[in-house]
Amino acid sequence: MPLPGGGGAAAAARLPATGEAAAAAREEEQEEEGEEDLRDGGVPFFVNRGGLPVDEPTWERMWRHVARIHPDGERVAERIRGAADLPKIPIPSVPAFQPSTPIPERLEAVQRYIRELQYNHTGTQFFEIKKSRPLTGLMDLAKEMTKEALPIKCLEAVILGIYLTNNMTTLDRFPISFKTHFSGNYFRHIVLGVNFGGRYGALGISRREELMYKAPVFRTLSELIFDFEEAYRRCWHTLKKVKLGHCVSHDPHSVEQIEWKHSILDLDKLSREDFRKELERHARDMRLKIGKGTGPPSPTKDRKKDVSSPQRGQASPHRRNSRGDRRPSGEKKPADSKAMPDLNGYQIRV
């Protein structure tokens, strides 16, 4: 379970910057600036910033980290690196759909594909995801993910989910981030929320089956979030914060940035009823934004040929919403969702 501010109530209730409060304040500042806390439950993980193929320093660092975190230590790395007859790992096929294929069936196929890539347990994230990049750059990166077919972490799965659902123009997509506490450490996770026909669900990847795919069967956004909260409770995690973004454009050439944190809901500062009301307020905001024509546009066939994607790393011209527009905004009514069939166990395949 892993990834990853501000706003009214959260900012107003900050503690003096001493001890644990200082660490919390630094963490809030990181989240405000859009930086990733590259720690997974207190254990650091690395990001491959050199692209693919992986360069030698990154490769060696990854294996040293595997040796530190794996129960078998250096033996597992030596056994894999020294093997001459490792089996070939099949490359998953990107799902293709007939126009008549129902959206729920398409979502199941997309989730199967994400799962077939498998969760990345190496401690090194292979694709560098900069949340501030324009959507077009992130879609280029998602296309590279499908070509390389490497194991992924949860943020990579969200970008891939957006890419694979871009042609489902009747489907609304928006990021949902969770921050939980367990055994003295904080954990972060992110999924792609979806809404089809007024029903909510989610796409994603996690070590835990119940913390990724949710079929679009939840009548309200709050029912979906409460289902995740109950899943976390079964894993002995306490949900501390939920961040909700706005709907993502279906235009793969858009130079807008994804709005990751429109509503920031701190459960320590909200009653259960207020939490639920804020979730439904966010859902209403998304509906109104789309209804007014300011939401995600559908791809157009007559795009100008002289409009090209910006170079990777180029910043978006502007953010649609400033930090001041964010709003911190709970209750549990878990709904049962169909679990995806189990696949083969994880194999290191780099």
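Remember, predicted model here, so these are calculated numbers, not experimental data.
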Any side-chain heavy atom of [X] sitting closer than 4.5 Å to one from [Y]?
X	Y	answer
V76	V66	yes
F126	P151	yes
F178	V242	yes
L135	Q257	no
W59	M62	yes
M168	V110	yes
K277	R281	no
V54	N48	yes

Roughly how far, to the nearest 0.5 Å, is [atom2] of [Y] from [atom1] of [X]?
X	Y	atom1	atom2	value
E256	D251	CD	CG	8.5 Å
Q111	E116	CD	CD	10.5 Å
D285	S263	CG	OG	6.5 Å
L267	K179	CG	NZ	11.5 Å
Y213	R115	OH	CZ	11.0 Å
R219	L224	CZ	CG	13.0 Å

Is it true that [X] and [Y] have a side-chain N and a carboxylate O under 4.0 angstrom from each other?
X	Y	answer
R75	E78	no
E230	R233	yes
E259	K289	yes
K240	D266	no

Could you tell me which non-hydrogen atom of [X] sits nearest to which non-hydrogen atom of [Y], and how far apart they are?
X	Y	result
M212	S206	SD-N, 3.5 Å
L211	V191	O-CG1, 3.8 Å
S254	S249	CB-OG, 4.1 Å
P175	I258	CG-CG2, 4.2 Å
F174	V194	CE2-N, 3.9 Å
N166	P252	ND2-CB, 3.9 Å

Inset, instruction - Verify side chain to side chain contact (heavy atoms under 4.5 Å, CB included) between C235 and R208, making sure each step is shown before the conclusion. - result: CA-CA 9 Å; C235 299; R208 297 282 187 171; 3.8 Å; yes

Legend entry - Ring centroid separation Y119 to H121 under 6.0 Å: yes

Inset, instruction - Go through the steps for L52 and F127 under the test side chain to side chain contact (heavy atoms under 4.5 Å, CB included), then give the verdict. - result: CA-CA 9 Å; L52 296 171; F127 301 94; 3.6 Å; yes

Check whether [X] reaches the backbone of [Y] with its side chain - one donor and one acceptor, N or O, closer than 3.5 Å.
X	Y	result
H282	G245	yes
E280	S222	yes
E229	L239	no

Legend entry - From I103, V248, L171, L160, residue fulfilling side-chain contact (heavy atoms from CB on, under 4.5 Å) relative to T165: L171

Legend entry - Reference residue M145; test side-chain contact (heavy atoms from CB on, under 4.5 Å); the match among V94, L117, I159, L164: I159

Inset, instruction - Kindly indicate, with the supporting measurements, whether the criterion side chain to side chain contact (heavy atoms under 4.5 Å, CB included) is fulfilled by R133 and K131. - result: CA-CA 6 Å; R133 289 185 68 181; K131 287 184 173 181; over 6 Å; no

Legend entry - Listed once per pair and sorted, the side-chain hydrogen bond (donor to acceptor under 3.5 Å, both in side chains) pairs that draw on residues 91-101, sequence neighbours left out: none

Inset, instruction - Would you kindly check if the NZ (Lys) or CZ (Arg) of K214 is within the cone defined by 45 degrees around the ring axis of F228 and under 6.0 Å from the six-membered ring centre? - result: yes

Legend entry - Residue pairs involving residues 58-68 (criterion salt bridge (charged side-chain N to carboxylate O under 4.0 Å, His left out); sequence neighbours excluded): E60-R81

Legend entry - Donor on one side chain, acceptor on other, T122 and T124, under 3.5 Å: no

Legend entry - Check: N195/R173 side-chain N/O donor and acceptor closer than 3.5 Å: no

Inset, instruction - Hey, can you tell me if H246 and H262 have their rings parallel, tilted or perpendicular (30° and 60° cut-offs)? - result: tilted

Inset, instruction - Output, in order, the C-alpha distance, side-chain angles, deciding distance and verdict of side chain to side chain contact (heavy atoms under 4.5 Å, CB included) for T180 and T238. - result: CA-CA 5 Å; T180 62; T238 301; over 6 Å; no

